[in-house]
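First comes the structure, then the notes that go with it.
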There are 2 protein chains.
Amino acid sequence: MPDAADPAPMNARRKFRREGEGRRRQDLIEATLDSVAEYGLQGASLRTIALRAGVTAGLIRHYFPGKEELLQEAYTALVGRMTEQAKAALVMDDASPRQRLAAFVTANLNAPIIDARVFSLWATFIGRASADPALARAHRDGYLGFRNEVEAVVAEVLAAERHQPDASALRHHAIAINAIIDGLWIEGCLAGEMFSPGELAAIGIKAVEAELGLVPLKHDAEK
Amino acid sequence: MPDAADPAPMNARRKFRREGEGRRRQDLIEATLDSVAEYGLQGASLRTIALRAGVTAGLIRHYFPGKEELLQEAYTALVGRMTEQAKAALVMDDASPRQRLAAFVTANLNAPIIDARVFSLWATFIGRASADPALARAHRDGYLGFRNEVEAVVAEVLAAERHQPDASALRHHAIAINAIIDGLWIEGCLAGEMFSPGELAAIGIKAVEAELGLVPLKHDAEK
DNA sequence: GGGCTTGTTGTGCAAGTGTATAAATAGCCT
DNA sequence: AGGCTATTTATACACTTGCACAACAAGCCC
């Protein structure tokens, strides 16, 4: 047990590195989302968040006016990431509309969109929407954007099937399909282990195609 | 300015009435749900809750071991009320299975089940489910109970239509229909004013019947 | 390398938290 | 009516919270 020269003076100030503003803000937002997901809004204190981000609590005030703004930016980042991921499943140029719709449903009902952490965050924030107009608007924008995407694909699918729905029917289809995806998403996030892999997506595709009145495709027969 | 005999001595102790245990517990639970719906879990302090219940904070400890137990009982009460309301729409003995299913969907997509306050509470609590096994189990039980009800009605409907689905198909139908109702419920709670009265129910019924492959009924013709 | 900027730390503070407990009183029992 | 008990109030306490601010040092600029 060598009494080496003490490398850490008892009241030493903590060493730190200066990070760029972009990086720090992103780290703090990520730490905020982690903390909220793990401890809820009540347990996500500035000190908890700072600890997770590897800094001290005081620093947060250097990048955000207050806790509320930090939470708001975190929620905005979350919503942005969610819609971005969801829409990303639609960019398949070389596929038929029906295939694109199926791929969209499949993507939304598997990882990484089916995810308990993201669901926990979504629920925690959305629970405040009715009391917080800013949250409500953020959700509404994301929701309508999502539904418009759905409506566009639905229009393509029906056009390819030589149907010609009026605007009202199109809207109703989009609302229903959006509900199917949302509902199955929730079930998958909350109790993913109750479903076999791909089961939710299969249920979703069948329900969506039934809603649109598409005749079932022949099941990939005997190879 | 008559100096009447001061009816309220300056340091008077607050007057109170003794209520039965059942009544007080119920009042406290209701005040808890109100507070959580309005201020979220973070804003629902014991003092806030007590103020709303018309008592002082100390009393809570007389009926509940701690805050956590109070919240847990409040959530249990909420879930119980929700499932009770939902199932109540199914007791229509003199109707055809298809009518009962339609009534069930309709009931779940109108007030009082479509309700911003209840949704806020549901989301707030469910957001903690992934971190709190007790909450997770409470939800799971409620969900499975609900889904089993749906499955039973679906079986009746299909039987009346001379279909004979196997257990797997039945389960898939129930999951899909549950998702449709859940998804539309959320949309209605979050943005009810975006839909005309009865619109969500109409969308829901159509989607559910499409899922089950029921031929559309003739629309109540001209008149 | 030496100064300067500013990102970062540490400490302090008032307000609010859940919990513990003593004091008071409402209302039943006899 | 008068005592007893359990419900209710009130106060205290240790702790956490968000925020303010002064001290400090990391690393760029010259």
Side-chain angles (χ1 to χ4, degrees), chain A residues 7-32 34-36 38-75 124 128 132, chain B residues 7-32 34-36 38-75 124 128 132:
Chain A
M10 205 166 55
N11 274 352
R13 193 168 248 254
R14 176 179 169 165
K15 296 294 185 218
F16 62 91
R17 264 195 6 183
R18 306 183 129 188
E19 301 281 357
E21 161 160 355
R23 174 64 186 273
R24 270 285 188 249
R25 288 178 65 93
Q26 194 171 327
D27 283 353
L28 284 172
I29 286 179
E30 207 56 45
T32 302
D34 281 343
S35 302
V36 172
E38 190 156 352
Y39 310 110
L41 278 176
Q42 48 175 343
S45 70
L46 290 182
R47 285 165 177 83
T48 304
I49 293 170
L51 180 69
R52 194 161 214 128
V55 297
T56 53
L59 186 60
I60 293 180
R61 279 269 308 177
H62 197 257
Y63 289 106
F64 299 91
K67 192 190 183 185
E68 192 163 341
E69 286 81 2
L70 171 59
L71 286 173
Q72 201 137 314
E73 285 210 33
Y75 179 62
T124 301
R128 306 300 319 127
D132 184 336
Chain B
M10 204 167 55
N11 274 352
R13 195 168 246 257
R14 175 180 170 160
K15 297 294 186 217
F16 60 92
R17 264 196 5 186
R18 307 183 123 179
E19 301 281 358
E21 161 160 355
R23 174 64 187 272
R24 271 285 187 249
R25 289 178 64 92
Q26 195 173 326
D27 283 354
L28 284 172
I29 286 178
E30 207 55 46
T32 303
D34 281 343
S35 301
V36 172
E38 190 156 353
Y39 310 110
L41 278 177
Q42 47 174 344
S45 71
L46 290 182
R47 286 164 176 83
T48 303
I49 293 170
L51 180 68
R52 195 163 214 125
V55 298
T56 54
L59 186 60
I60 293 181
R61 283 267 309 177
H62 196 258
Y63 290 106
F64 300 91
K67 192 190 185 185
E68 193 163 341
E69 287 81 2
L70 171 59
L71 286 173
Q72 201 138 313
E73 285 210 33
Y75 179 63
T124 301
R128 306 299 320 128
D132 185 335

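Just the heavy atoms: all of them, side chains too, but no hydrogens, waters or symmetry mates, feed the values below. A, B, ... follow the sequence lines: proteins, then strands. Residue 1 opens every chain. Not measured: the values here are computed from a predicted model.
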- Item | Distance, rounded to the nearest Å, where B/E69 contributes CD and C/dG18 contributes P | 13 Å
- Taking OP1 and OP2 of C/dG16, is either one under 4.0 Å from a side-chain nitrogen or oxygen of B/S45? no
Return a table of donor-acceptor pairs under 3.5 angstrom between the side chains of residues 49-69 of chain A and protein atoms on other chains or two or more places apart.
| from | atom 1 | to | atom 2 | distance (Å) |
| --- | --- | --- | --- | --- |
| A/R52 | NH1 | A/E38 | OE1 | 3.2 |
| A/R52 | NH2 | A/E38 | OE1 | 2.7 |
| A/R61 | NH1 | A/P65 | O | 2.8 |
| A/K67 | NZ | A/A44 | O | 3.0 |
| A/E69 | OE1 | A/G66 | N | 3.2 |

- Assess whether atom CD of A/Q26 is packed by more than 12 heavy atoms of other residues, nucleotides or ligands within 6.0 Å. no
- Task: Starting at atom CZ of B/F64, determine the distance to atom P of C/dA20, rounded to an integer number of angstrom.
- Result: 16 Å
- Message: Distance check needed: C/dG18 C1' versus B/L71 CG, whole Å only.
- Response: 12 Å
- Query: Separation of A/L46 atom CG from D/dA20 atom P, in whole Å?
  - Reply: 11 Å
- Nearest whole angstrom, please: distance from the P of D/dG18 to the CG of A/L41. 11 Å
- Atom CZ of A/R25 to atom P of C/dG7: distance rounded to whole Å? 12 Å
- Query: What does nucleotides 5-12 of chain D look like as a protein-contact string, B for base, S for sugar-phosphate only, - for none, at under 4.0 angstrom between heavy atoms?
  - Reply: -BBBBB-B
- Message: Suppose we screen for salt bridge (Lys or Arg N to Asp or Glu O under 4.0 Å). Which residues come up paired with A/R23, at least two apart in sequence or across chains?
- Response: A/D27
- Item | Minimum side-chain heavy-atom gap A/T32-A/L71 below 4.5 Å | yes
- Provide, to the nearest angstrom, the distance between the NZ atom belonging to B/K67 and the C1' atom belonging to D/dT16. 13 Å
- Whole-Å distance, A/R23 CZ to C/dG7 P, equals 16 Å
- Task: List the atom of B/Y39, the atom of B/Q42, and the distance in Å for their closest heavy-atom pair.
- Result: O-CG, 4.2 Å
- Item | Heavy-atom pair with the smallest gap, counting every atom of B/R128 and A/V36 | NH1-O, 3.7 Å
